[in-house]
Amino acid sequence: MPDTTQKNDEKKKSGKPGKVVRGERYEIRFSGSGGHGVILAAVMMSEAAGRNPKLNVIQTQSYGPEARGGSSKADVVISKETIYYPKAMKLEMLLAFTQEACDKYYTDLKPNGLLVVDSNMVTKLPIKNSFGFSFIRIAREQVGHPMVANVIALGAMAALTGLVSRDDLKEVIKTRAPRGTEEKNLKAVKIGFDLGLKALKEKIG
Amino acid sequence: MAQSKNSVRRLVQGNEASMLGALYAGCNFFAGYPITPSTEIAEGMARMLPKKGGRFIQMEDEIGSMGAIIGASAAGAKTMTATSGPGFSLMQENIGYAYITEVPCVVVNVQRGGPSTGLPTKIGQQDTMQARWGTHGDYTAISVAPASVRECFEQTVKAFNFSERFRTPVTVLSDEVLGHMREVITLPEEGEIEIINREKPDVPAEWYHHFEATPNLVSPMAGFGEGYRFHMTGLVHDPEGFPTADTNEIRKKLSKLRNKIVRFSDELVQLETTMMDDANIAVVAYGTAARAAQQAVLMARDKRIRAGLIRPITIWPFADDQIRALLKGIKTVLVVELNMGQIVHEVDRLAHRHCKVESLNRFDGEVLDPVEIFKRILEVK
């Protein structure tokens with residue numbers, strides 16, 4: 001933590017998703033229940049974002065004492081400046097795998113922040129600016145295993161933020177995915193990325 | 001050692017960095033009992049040490065772990081264990097044994113909320129005083145508190161250096177957020193940080209005294225099996241290591257434990273300051289809390305409040321002289337901790353009524369938010 005005169009400028013309006021403006025923190029949260037793989041998804045996002053040498057990236061997490069179940073969340077903070085406070089404060093984007101996580105964290109979103117949910121798990125949407133995808137169902141039907149739902153969500157989040165490229169994400173998955181599941185996860189991330197792009201196009205178009 | 005990887009920018013976890021720092025320092029023996037939130041250190045050691053010809057043992061509990069690293073160090077190894085609050089409590093008895101027998105070893109305490117089993121997956125800085133006074137008796141402790149993933153690496157290396165230099169156990173006070181946090185960083189290259197190893201005896205075996213009085217008060221240390229005979233006991237002992245009831249010897253031994261550190265505290269103190277030059281309000285914080293405090297200080301500066309940050313990296317011995325000097329001209333000092341107030345008493349002692357001492361504490365398992373700290377700065381300024 002070097003001495004610095006960096007201004008923590010909260011006043012500046014953030015640009016479109018995907019832009020990390022100088023001096024600003026770009027914050028994303030992955031949330032759900034223990035076992036949903038939200039921490040791994042956040043780790044993969046951080047590693048992919050960190051492949052850009054201009055960006056500083058910090059990932060933190062919070063989970064309960066249970067091995068499965070209980071609430072679980074992981075924050076990713078990205079900035080061109082040194083990141084001091086490591087946890088998220090004002091979210092650009094929130095992924096919620098459960099209604100509980102959605103209800104608990106949507107108030108941490110910025111005024112124009114985007115909520116992304118698993119549409120089968122989260123049925124009551126507290127804000128309009130949201131996207132729903134059937135991550136778990138798609139994982140089961142198109143990849144053959146619900147376990148990769150987190151990576152489908154990661155792909156969608158990556159496309160929606162525009163922060164990380166498809167190629168960087170693929171590289172990260174090759175190294176971070178549990179051994180033997182690489183193919184399934186690569187397939188999952190492609191599905192997710194395409195879903196995200198399609199949703200973005202529909203919204204803009 | 002993952003040297004070739006060090007120059008590459010990559011995502012590293014705090015606990016992983018502590019583990020890599022230990023290997024960088026030459027740690028070749030780890031005994032531990034896994035506990036959240038420190039488990040990744042043991043996992044990493046179990047994976048890495050055998051590849052490097054070192055040894056990893058999962059012990060039956062933390063008392064055993066501490067015993068194992070003391071024994072291995074007495075036999076010449078560079079040793080470490082990693083734990084959290086409940087385990088740190090169990091280790092205390094043997095940590096005392098390491099103090100009196102002057103055995104170098106490193107204990108990483110990745111702090112969680114307590115007391116007892118407390119909050120296994122939540123942050124706390126509640127063991128700060130335990131690191132100083134955890135075991136009974138009079139002794140002087142050395143502890144360091146990193147605040148970033150890179151510092152988890154660097155301060156673990158430093159902990160080994162201090163431990164070897166002063167022949168004493170050293171605690172690294174990490175915390176849950178830091179241990180589990182991942183940052184994209186580059187790690188120190190080989191040769192970038194100096195590595196200190198314990199001084200070995202150069203006298204004939206028959207002249208060797210394991211606890212001999214020397215000018216710098218640290219006795220050269222032979223390992224078991226290296227051809228020197230010596231005795232180790234938890235009883236207060238003479239320079240040869242045998243129990244003594246001679247008041248003169250007792251005084252000498254206990255003074256040595258204290259003075260070997262106190263007299264050389266300049267070698268140990270590490271302190272970082274931010275914007276203290278013209279500050280009239282100082283925030284004191286360490287570990288993860290310091291990162292929130294740093295952000296809050298910047299927020300205050302944006303509002304033209306002359307705030308600054310004092311961040312002790314070496315917690316014990318406390319940076320008395322340095323902090324006393326920094327507090328000159330300060331109106332208010334705000335001590336920010338993730339406990340009910342531990343370091344605040346040290347700061348209060350140094351402020352000695354020359355400036356107002358305020359504190360901000362959080363002990364519900366969450367990190368203080370920069371906004372909370374900023375608001376408190378506004379209140380106390």
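Every value quoted in this text rests on a predicted model; they were computed, and no experiment measured them. Labels below follow one simple rule: chain letters A, B, ... track the order of the sequence lines, proteins then strands, and each chain is numbered from 1.
- Other residues, nucleotides and ligands contribute only 12 or fewer heavy atoms inside 6.0 Å of the NZ atom of A:K198.
- For a residue to count as touching a neighbouring chain, one of its non-hydrogen atoms must lie under 4.5 Å from one of that chain's; by this rule A:V43 touches chain B with backbone and side chain alike.
- Considering CD of B:E183 and CD1 of A:I83, their distance stands at 7.5 Å, rounded to 0.5 Å.
- Residue pairs meeting the ring-ring contact (aromatic ring centres under 6.0 Å, His included) criterion with at least one member in residues 28-52 of chain A, sequence neighbours excluded, are A:H36-A:F97.
- For the pair A:K87 and B:V177, the tightest heavy-atom approach, listed with the atom from each and the gap, is CE-CG2, 3.9 Å.
- A:Y63 places none of its side-chain heavy atoms less than 4.5 Å from the side chain of B:K122.
- The candidate from B:P120, B:A296, B:P370 with the greatest count of non-hydrogen atom pairs under 4.5 Å with chain A is B:P370.
- Looking only at side-chain heavy atoms (C-beta outward), A:T60 and B:R182 stay at 4.5 Å or farther from each other.
- Judged by distance alone, the side chain of A:Q59 and the main-chain N or O of B:M181 form no donor-acceptor pair under 3.5 Å.
- Within 6.0 Å of CD on A:E100 lie no more than 12 heavy atoms contributed by other residues, nucleotides or ligands.
- Interface residue B:L368: only backbone heavy atoms are found under 4.5 Å from chain A.
- Open room surrounds OH on B:Y33; 12 or fewer heavy atoms of other groups in view lie less than 6.0 Å from it.
- For B:R47, there are no salt bridge (Lys or Arg N to Asp or Glu O under 4.0 Å) partners, not counting sequence neighbours.
- Each of B:T121, B:D369, B:V371, B:V184 has some count of heavy-atom pairs under 4.5 Å with chain A, and the biggest count is that of B:T121.
- Side chain of B:Q295 to backbone of A:Y85: a donor-acceptor contact under 3.5 angstrom is found.
- With hydrogens and angles disregarded, a donor-acceptor distance shorter than 3.5 Å links the side chain of B:R291 to the backbone of A:Y84.
- Atom OG of B:S148 is separated from atom CD1 of A:I58 by 8.5 Å, given to the nearest 0.5 angstrom.
- Here the side chain of B:R9 pairs no donor or acceptor atom with the backbone of A:R51 at under 3.5 angstrom.
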